[in-house]
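As structure tokens, the structure follows; a few thoughts come after it.
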Number of protein chains: 2
Amino acid sequence: MTSVPSWANVDERRNLPPALAVSTVILGIRPGVEGGPDKLCLPLVRRIRQPHAGMWALPGGPVDARESLGQAAGRTLAGTTGLRPNYLEQLYTFGDIDRSPTHRLVTIAYFALLHVDQVGATVQDPNVAWFDIDDPAIAQLAFDHRKIVDYALWRLRNKTEYGQIAHRLLGERFTLAALRGVYEAILGRRLDPANFRRTLNSTASIEATDEYLAGGKHRPPRLYRYVGHGPDPLEVDPLHG
Amino acid sequence: MTSVPSWANVDERRNLPPALAVSTVILGIRPGVEGGPDKLCLPLVRRIRQPHAGMWALPGGPVDARESLGQAAGRTLAGTTGLRPNYLEQLYTFGDIDRSPTHRLVTIAYFALLHVDQVGATVQDPNVAWFDIDDPAIAQLAFDHRKIVDYALWRLRNKTEYGQIAHRLLGERFTLAALRGVYEAILGRRLDPANFRRTLNSTASIEATDEYLAGGKHRPPRLYRYVGHGPDPLEVDPLHG
DNA sequence: CCTAGTTAATGTCAAAATGACTCTAACGCG
DNA sequence: CGCGTTAGAGTCATTTTGACATTAACTAGG
């Protein structure tokens, strides 16, 4: 016999198309501890069924016949984690024949960003947990989900329009220092505060408000606001998919 | 009744996943006529079955259970057009519920680039034809294929690594003028020859050979060569998917 | 109230990159 | 040979970038 998996005949006989599912990489930002850099982090769910039972995996699930792909992503991630991100974009479709050991599975991967105040606010469930992006505990994930996470990070780092991404991780108003922390977490290196300020001042999409963040120990920083200029072609409405 | 399509019940009753297909946007470059700029062009196939019979559409077809998605793209586009591009990358997956009037269809769109000497070399078939990218005859295409073409062009223009793209449209060796023509066709504007040369000289991925293109009417231009530095994460092996 | 400490915000300056342009080299053709 | 044309190198002012210095505004501690 050949190296074709044993289930191939079954699928072929029934003339069924591959099973269709969605998975979502949900990224958020977590403030660094005692002067350390901010960290990117994401929620994962532990699989309770075969295959890969017990391993951490991306939230997701099958696509229903009456929903769009983006809707499926939003629905499954809300169902498993309770999270409702404000940004959702399609990432890539993974369809190698051997990516699941039990059946032919095509997965459309999505990529979501979460406001900082929602990070950690998942459902109470021992099978849902947050991990820092560099946590060695998630070096291996179920299926090819580690590859999907790496690809999401690659895409985040290569985004042209950083303004959009940063504000979707922070929320409505933010200080320049917080925004710089986000950039540093994404790029993995320190940035000069003065030069960072200069570049953002020349960016039309970020606007100074006349409010300041009070309560700190030192000089209060000004608050800024993102003034978007329309979604890019990849973006998906998280509510209507 | 609601606005749910009439076939939704059928799919739901049978509990079938959506039908899975691939479509490919194949782009090539065509030398401009009498001093005019080069043009991007692509092959399309005329649909002979419903829905959208008679309209031009992207080459493609259903995904078999025993092939990867990239293999499906390569197989279907070779089958319909006879072309074998040297570059294939996944573009986007389109899965809106109403994108086909007759059934639920999820299409994984691919994006291919063709060497200049293969442009026009499709099978002899009145239902296969080449069109310039700005040809008004293709302002409307079957399904949402016009949207897919526009997205492929957007992605091409926003590529960071232009060297790769250009050499995949031209072939092994090329002159700087030919390369500049490709850039101009992609970007839609003229570029300064001297500055273009300077930029490419500082690019490690393009290397001068000691050969010159003979046979022209004027000073023979030097031939250059692309020395790639590995595929990016999006790229697909056109042969093995 | 005054000063030290810390962070916010602005300013300076040289190096590097960019855009517009000029100048020289090398071919075919008559 | 000289002319037309394209290849290729060089010039220069402007803009952008990275590194660093300086000033401003607050709190905390005495």
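Convention: sequence-line order gives letters A, B, ...; per-chain numbering from 1.
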Provide, to the nearest angstrom, the distance between the CG atom belonging to B:Leu179 and the P atom belonging to D:dT6.
19 Å

To the nearest 0.5 Å, what is the distance between CZ on A:Arg197 and CZ on A:Arg222?
9.5 Å

Every protein N/O lying under 3.5 Å from an N/O of nucleotides 23-25 of chain C:
unit_1	atom_1	unit_2	atom_2	d
C:dA25	N3	B:Arg219	NH1	2.8

Hey, what are the protein-to-nucleotides 11-14 of chain D N/O distances that come in under 3.5 Å?
none

Rounded to the nearest Å, what distance is computed from the CG atom of residue A:Leu191 to the P atom of nucleotide C:dA8?
15 Å

Shortest non-hydrogen pair, A:Leu114 vs A:Pro85, comes out as CD1-CA, 3.5 Å

When you compare the side chains of A:Ser23 and A:Thr107, does any donor N or O come within less than 3.5 Å of an acceptor on the partner?
no

Taking the side chain as every heavy atom from C-beta outward, state whether B:Arg155 and B:Glu89 have any pair of such atoms under 4.5 Å apart.
yes

Beyond-backbone contact of B:Arg146 with B:Ile138, side-chain heavy atoms, under 4.5 angstrom
yes

Five-pair end axes of the helix from C:dC1-D:dG30 to C:dG30-D:dC1, angle between them (10°)
10°

Output every pair passing salt bridge (Lys or Arg N to Asp or Glu O under 4.0 Å) with a member in residues 198-214 of chain B, not counting sequence neighbours, ordered by first then second residue.
B:Arg173-B:Glu211, B:Glu207-B:Arg225

Base, sugar-phosphate or nothing for B:Ala177? Non-hydrogen atoms, less than 4.0 Å.
sugar-phosphate

Stretch residues 206-218 of chain B: residues that reach within less than 4.0 Å of DNA chain C through a heavy atom:
B:Gly216, B:Lys217, B:His218

When you compare the side chain of B:Leu91 with that of B:Tyr110, does any pair of heavy atoms fall below 4.5 Å?
no

B:Arg180 meets the side chain to side chain donor-acceptor pair (under 3.5 Å) criterion, sequence neighbours left out, with B:Glu184

Interatomic distance, A:Asn201 CG vs C:dT10 C1' [rounded to whole Å]:
10 Å

Any heavy-atom pair between the side chains of B:Leu153 and B:Leu27 that's under 4.5 Å?
yes

Value in whole Å for how far the P atom of C:dC13 lies from CG of A:Asp192
17 Å

